[in-house]
Amino acid sequence: MATAEEVTNGEVARAFHLMADLLELDGALRHRIMAYRRAAVRVAGEERSVAQLARAGRATDLADIGDALAAKIGELVETREIAALEKLAARVPRGLAAVARIGGIGPARARALWQEADVTDIESLRVRAESEEGLTAVSGIGPRTAESIRSQLAGLAAGQEPEPRVSIGRALPIAERLVADLGALPFVERAEIAGGLRRGAPTAKDADLAVATSRPREVAQALADHPTVARVLSRGAQRCVVETHIGLPVELRLSPPASFGNLLQHLTGSAAHNTRLRERAAGMGMSVSEHGITAADGTVTTHEDEEGVYAALGLRVIPPELRRDTDEIARAAGGGFPELVSVADIRGELHAHSTWSDGEASIAEMAAAGRTAGLAYLVITDHSQSLGFAGGLTPEQVADQWSEIAEVAASERRLRLLRGTEVDILSDGRLDFSDELLAEFDWVVASVHSRLNQSPERMTSRLARAARHPAVDVIGHPTGRMHGRREEAEIDFDELFAAARDGGTALEINASPMRMDLGAGRARAAADAGVALTIGSDAHSTSGFALRRYGVMVARAAGLIPDQILNCRPWDELAARRAARLDAA
DNA sequence: GCCGTTTTCGGCCCGACTGTTTTCAGTCG
């Protein structure tokens with residue numbers, strides 16, 4: 001188990017990313033920079049403590065970590081510093097990396113701005129851009145680039161950095177509408193969403209679309225003319241980039257139907273996955289691109305579907321959610337993958353709200369919507385009393401609510417309607433209802449909603465205590481993260497997983513796209529630790545059950561099968577599980 | 001800086017588009 005003082009994998013990864021950024025701005029050799037980036041991704045994706053591996057002298061067990069980087073990890077672990085990084089940071093201005101991230105600048109032009117115009121950060125760039133000599137005196141920057149930089153600076157608040165990311169919950173529906181409309185064009189053979197949205201990444205920088213057609217210019221025109229599109233950013237024979245009215249960039253790539261599989265594979269990525277795939281291909285004397293696979297003798301083979309692309313490289317097709325450069329290529333070369341969980345596998349809903357607390361629909365309306373969504377059972381889990389701002393229920397209100405649930409349940413023939421609660425986990429780990437009341441619910445979700453910035457020790461013991469409670473069936477949105485708003489709470493996950501496993505309590509994959517919490521990496525680790533998982537839509541309206549799909553994306557990215565998700569099982573099994581735990585207590 | 005179906009040196013993933021350096025480097029994905 002990691003101690004609180006140990007250097008985390010995230011800190012090692014950040015140091016390597018920073019090193020790569022600074023080396024790039026310093027004009028270092030490209031492949032040396034790539035080595036740092038690659039190592040950073042590797043470390044960030046590692047489930048074990050890299051610091052402890054380093055202490056054991058085994059850091060080079062990790063791919064992409066050689067003697068030099070292992071020594072730097074060791075240095076960071078022992079001294080909290082890397083001398084080479086400090087030296088570089090003293091030479092290269094810290095703010096230059098932000099300059100390089102402005103569209104159209106990049107490391108080479110940032111370096112030129114620094115060397116030729118003394119630009120060291122966004123503010124000095126702003127000063128220079130407004131000065132008399134301007135930006136065009138700097139090599140590599142002409143009038144067009146200078147104007148683009150000025151307009152980006154104008155839209156940038158002081159101190160703010162570029163590159164906003166959009167939640168998948170906002171981006172995916174737009175991408176689906178565009179794909180449906182483009183796919184309906186008579187000269188379009190196929191249209192698919194690709195990129196991070198297809199891989200189920202929680203946030204997206206843009207939406208990537210792949211279209212098979214013999215008339216690419218007309219498809220690009222149709223995209224440019226689409227009512228959701230505000231303006232065209234870039235346009236060529238095979239690619240068209242637009243910006244939608246909500247500010248989401250959309251990249252459309254076009255290919256003939258014969259090589260659509262190659263394009264879809266390429267555009268789905270991830271970048272790291274594609275890099276690995278191409279390395280494998282190179283080892284086999286082949287070369288992979290969006291246009292096809294080139295053999296050693298120069299002949300190019302194209303593929304209508306992704307299956308063909310992977311088969312040509314001796315691989316089984318890899319579910320998009322797993323294409324993250326972890327171990328998926330090795331697995332695809334071996335036995336392949338089990339059938340991952342899908343929305344159709346989910347039998348019931350274990351986390352939903354009504355107007356009794358902060359939901360928008362009545363219990364009857366939620367029941368009807370749940371039935372329409374194909375649920376066999378639905379647990380109403382409104383908030384508990386201390387959550388005042390969300391209309392939490394007192395024990396008296398709970399009794400009244402049970403009467404209403406009984407009434408609605410009596411008229412529901414196909415849907416089993418159940419009495420649940422999302423009980424608040426108080427700051428010391430006690431629960432917001434008495435043990436006696438909690439034991440009477442059909443299902444209990446316990447969640448943290450306040451004081452998320454407690455020390456790691458307190459937060460861990462708080463969650464672990466709730467997880468050991470015999471009446472708690474699942475911990476809701478365990479880390480509290482919300483994309484773009486707050487990071488996950490600092491928790492000792494080994495300890496939480498142990499408490500959940502020993503207590504027979506599940507951890508939730510909360511499907512709300514703003515949360516998607518647990519995330520894929522944590523969910524995988526939980527499952528590996530023997531912890532059961534649930535997928536909870538956290539529906540606050542009748543349309544909320546549709547959010548299940550985001551939770552399914554997380555579960556698939558974690559490599560989970562239906563057996564590992566509790567609400568893929570019939571209700572009677574869950575009820576028996578709960579009864580056994582209450583009996584044992 | 002890493003690594004070995006090119007095996008301890010010499011490679012390292014591929015291509016579209018843009019603007020500028022007038023023949024191509026840089027950026028981006």
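Here is the naming used below: chain letters follow the sequence lines, and residue numbers restart at 1 for every chain.
Residue contacts for A:A39: at a heavy-atom cut-off of 4.0 Å it reaches no nucleic acid atom on any strand shown. If you check every strand for non-hydrogen atoms under 4.0 Å, A:L267 touches nothing. If you check every strand for non-hydrogen atoms under 4.0 Å, A:A237 touches sugar and phosphate atoms only. Among the protein residues, A:V241 comes within range of no part of the nucleic acid, since none of its heavy atoms lies under 4.0 Å from any strand. Note on A:R235: only backbone sugar-phosphate atoms sit closer than 4.0 angstrom, heavy atoms only; bases stay farther off.
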Should A:T275 and A:E279 be marked as a side chain to side chain donor-acceptor pair (under 3.5 Å) after you check the CA-CA gap, both sets of side-chain angles, and the distance that decides it? CA-CA 6 Å; A:T275 300; A:E279 284 170 359; over 6 Å; no

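Closest approach to the A:R144 side chain among B:dC13, B:dG19, B:dG1 is made by B:dG19 (side chain taken as heavy atoms from C-beta onward). Relative to the side chain of A:R38, the nucleotides B:dC17, B:dC13, B:dG29 differ in distance, and B:dC13 lies closest. For A:R239, the listed nucleotide lying nearest its side chain is B:dG29; candidates were B:dC14, B:dG1, B:dG29.
A side chain to side chain contact (heavy atoms under 4.5 Å, CB included) with A:C240 holds for exactly one of A:R235, A:E251, A:R217; it is A:R235. Residue A:D26 is tested with A:K87, A:R91, A:R32 for a salt bridge (charged side-chain N to carboxylate O under 4.0 Å, His left out); the sole match is A:R91. Tested against A:I318, the residues A:R324, A:E306, A:R331, A:H273 include a single side chain to side chain contact (heavy atoms under 4.5 Å, CB included) partner, A:H273.
Remark: P of B:dG1 and CG of A:L62 are 18 Å apart, rounded to the nearest angstrom. Separating the CD atom of A:E251 from the C1' atom of B:dC17 is a distance of 10 Å, rounded to the nearest angstrom. As a whole-Å value, the separation of A:L29 CG from B:dG1 P is 10 Å. The CE-C1' distance, from A:M34 to B:dC3, rounds to 12 Å in whole Å. Atoms CZ (A:R101) and P (B:dC28) sit 12 Å apart, rounded to a whole Å. Atom CZ in A:R276 sits roughly 13 Å away from atom P in B:dC2 (whole-Å rounding). As rounded to whole Å, 13 Å separates atom P of B:dC3 from atom OH of A:Y36. One interatomic measurement links the two molecules: CZ of A:R30 to P of B:dC13, which rounds to 8 Å at whole-angstrom precision.
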Name the atoms and distances for all side-chain donor-acceptor pairs under 3.5 Å in residues 60-73 of chain A, with sequence neighbours left out.
| from | atom 1 | to | atom 2 | distance (Å) |
| --- | --- | --- | --- | --- |
| A:D61 | OD2 | A:R58 | NE | 2.8 |
| A:D61 | OD2 | A:R58 | NH2 | 3.0 |
| A:D64 | OD1 | A:R276 | NH2 | 3.3 |
| A:D64 | OD2 | A:R42 | NE | 3.2 |
| A:D64 | OD2 | A:R42 | NH2 | 3.4 |
| A:D64 | OD2 | A:R276 | NH2 | 2.7 |

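To the nearest 0.5 angstrom, A:D208 atom CG is 9.5 Å from A:R239 atom CZ.
A close approach under 4.0 Å does occur between a side-chain nitrogen or oxygen of A:S234 and OP1 or OP2 of B:dT18. In terms of phosphate contacts, A:R278 brings no side-chain nitrogen or oxygen within less than 4.0 Å of OP1 or OP2 of B:dC14. Remark: A:K205 is not in phosphate contact with B:dC28, judged by side-chain N or O atoms under 4.0 Å from OP1 or OP2. Considering only side-chain N and O atoms, A:T145 lies nowhere under 4.0 angstrom from the phosphate OP1 or OP2 of B:dG19. Note on A:H291: a side-chain N or O is less than 4.0 Å away from OP1 or OP2 of B:dA16.
When the P atom is compared between B:dT20 and B:dG26, the two are found 14 Å apart, to the nearest whole Å. B:dC13 and B:dT23: their P atoms are spaced 30 Å apart (whole Å). Between the P atoms of B:dC9 and B:dC17, the separation comes to 42 Å (whole Å). B:dC2 and B:dT8 have their C1' atoms separated by 12 Å, given to the nearest Å.
In this structure, A:R253 and A:G285 both approach DNA chain B, and ranking their closest nucleotides by distance from the 5' end singles out A:G285. Between A:D64 and A:N274, the residue anchored nearer the 5' end of DNA chain B, judged by the nucleotide with its closest heavy atom, is A:D64.
With a cut-off of 3.5 Å on both pairing distances, the Watson-Crick or G-U wobble partner of B:dT18 is B:dA25.
Among residues at least two apart or in separate chains, ring pair (Phe, Tyr, Trp, His ring centres under 6.0 Å) pairs with a member in residues 29-58 of chain A are A:F16-A:Y36.
Residue-environment remark: CZ (A:R280) exceeds the threshold of 12 foreign heavy atoms within 6.0 Å.
Side chain to side chain, A:S139 and A:E116 meet the donor-acceptor criterion of an N or O pair below 3.5 Å.
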Heteroatom pairs (N/O) under 3.5 angstrom, protein to nucleotides 21-26 of chain B:
none

